[in-house]
Amino acid sequence: MKVSTKRGDTGTTSIYGNRTTKTSLVIEALGQLDSCIAECILLCTKWDSLSSTCKTIVEDLNCICAIIAGYSPITSFTDDRTSWLEITMDQDSLDESFKFIYPFNNEKIATINHLRTTVRTVERALFRLNDEQSVPQNILNYINRLSDFWFILGCKEYNKTSNKENIL
Amino acid sequence: MKVSTKRGDTGTTSIYGNRTTKTSLVIEALGQLDSCIAECILLCTKWDSLSSTCKTIVEDLNCICAIIAGYSPITSFTDDRTSWLEITMDQDSLDESFKFIYPFNNEKIATINHLRTTVRTVERALFRLNDEQSVPQNILNYINRLSDFWFILGCKEYNKTSNKENIL
Amino acid sequence: MKVSTKRGDTGTTSIYGNRTTKTSLVIEALGQLDSCIAECILLCTKWDSLSSTCKTIVEDLNCICAIIAGYSPITSFTDDRTSWLEITMDQDSLDESFKFIYPFNNEKIATINHLRTTVRTVERALFRLNDEQSVPQNILNYINRLSDFWFILGCKEYNKTSNKENIL
């Protein structure tokens with residue numbers, strides 16, 4: 001089986017059944033999504049308790065990649081996915097006294113926090129792409145909600161810890 | 001308490017009391033700073049000996065974010081912060097025989113080295129922003145010195161190790 | 001010995017014996033290469049079995065940096081390096097039944113997978129630079145092959161594990 005085709009050496013890659021230049025906004029967005037998925041998988045390998053959440057989100061992000069790359073129809077990603085994020089994060093359960101946390105003593109929360117910033121990077125790449133070719137609104141909604149999701153998950157993890165120092 | 005406002009779904013975000021597009025250079029710079037802060041916090045969770053240094057730098061970077069985003073006056077970040085970096089790194093204490101190190105066998109130094117490259121990414125984003133709207137010179141000085149700071153800290157960590165292989 | 005020259009505070013840096021602006025495509029490409037090298041070194045610190053491979057690749061990437069920055073002649077990087085990647089990855093040894101793997105339960109493969117995406121980011125930066133100033137074709141070939149290399153290495157690591165769940 002051939003993985004390495006060498007066809008990419010000339011600066012193009014195959015999406016939409018066409019060759020597209022690797023400097024295009026769509027390849028940039030797909031590359032950022034790829035990095036974000038990889039970071040999500042890494043998070044999954046480190047904490048079993050996040051495994052099911054990470055797997056679901058990786059599946060969603062892969063579905064988004066397939067749409068952006070033109071392999072899947074827009075209808076294959078639905079508003080239900082964003083609703084799932086909203087229900088799962090359940091932000092109403094957060095204490096009113098909640099403040100932004102710097103998890104200086106908790107590697108799990110710090111890793112989640114870094115992933116949140118990577119999702120933000122994906123979002124910026126998708127909005128740049130959106131200026132050139134329309135990105136489905138429900139994908140933009142999902143990615144915007146996903147950074148909130150990781151933020152709130154970090155807060156909830158924090159609330160579970162006994163060592164509650166390091167709130168700035 | 002609401003974290004997730006959904007207002008970002010349309011591709012704008014709130015800074016300077018206005019809505020700004022997520023594709024702007026200022027949001028890119030703030031996003032890169034956010035990622036850099038997250039990596040600095042991660043470093044802090046992994047090595048206790050770096051805790052105080054990391055916390056101070058995260059505070060500095062947050063102060064810079066607040067200025068870039070227009071929430072704090074330019075005067076809230078002073079030249080003292082760069083002086084603190086310079087005094088703390090104390091590069092004159094480095095041995096003359098010093099060479100650039102590839103810390104192939106030391107995860108702590110390798111992690112510091114990666115953070116150094118992320119600071120460089122922030123610096124490039126700030127200079128791009130600076131072409132459009134002036135970034136205070138003392139912020140640019142601080143960020144330039146901060147990559148030197150991590151580099152020199154890596155060298156000093158190396159000097160402390162007994163297993164001194166892997167200098168290229 | 002002086003590491004910190006402060007000359008970079010004005011937004012330029014020294015390459016080709018000239019001062020170049022930090023917002024240029026060449027500094028962006030060098031910065032992305034620097035981050036990729038740092039991630040490769042980090043991988044090396046974590047798994048001894050990857051040490052020799054990582055060291056060779058870091059040497060190659062440094063050689064590429066020196067050429068891009070104008071310090072070394074183009075002839076200092078040869079097609080042999082790409083051949084070495086191709087021989088080492090030996091993709092023909094992969095099972096025909098092979099599928100793309102999501103290494104949700106293996107931190108080593110997940111770390112390799114993340115590095116693969118970072119190599120892709122370097123590649124995009126090099127092709128952007130190539131639109132402005134010619135990047136040697138054998139460097140572009142090497143970087144394209146390097147992401148395949150990490151992908152195939154991840155697959156082989158997977159084939160070695162007994163816990164073969166999580167193929168999507």
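Naming convention: chains lettered A, B, ... in sequence-line order (proteins, then strands); numbering from 1 in each chain. Quantities reported herein were computed from a predicted structural model and do not represent experimental measurements.
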- B/Asn106, part contacting chain C, at a heavy-atom distance under 4.5 Å: backbone

- Message: Tell me if a side-chain donor or acceptor on C/Arg81 pairs with a main-chain N or O of C/Asn138 at a distance below 3.5 Å.
- Response: no

- Counting heavy-atom pairs under 4.5 Å with chain C, the top scorer among B/Arg145, B/Glu86, B/Arg120, B/Glu123 is B/Arg145

- In terms of heavy-atom pairs under 4.5 Å with chain C, which of B/Thr111, B/Asn144, B/Thr118 leads? B/Asn144

- Query: Where on C/Leu43 is there a heavy atom nearer than 4.5 Å to chain B: the side chain, the backbone, both, or neither?
  - Reply: neither

- Query: Which residues satisfy the salt bridge (Lys or Arg N to Asp or Glu O under 4.0 Å) test with C/Glu39, sequence neighbours excluded?
  - Reply: none

- Query: Has the side chain of B/Ser134 got a donor or acceptor atom that lies under 3.5 Å from a matching backbone atom of B/Asn130?
  - Reply: no

- Task: Using modelled atom types only, decide if a donor and an acceptor are shared between the side chain of C/Lys108 and the backbone of C/Lys46 within a distance under 3.5 Å.
- Result: no

- Note on the structure: When the 4.5 angstrom heavy-atom criterion is applied to C/Thr21 and chain B, the contacting part is neither

- Item | C/Ser51, part contacting chain B, at a heavy-atom distance under 4.5 Å | neither

- Task: On the 0 to 90° scale, with breaks at 30° and 60°, tag the B/Trp84-B/Phe149 ring pair as parallel, tilted or perpendicular.
- Result: parallel

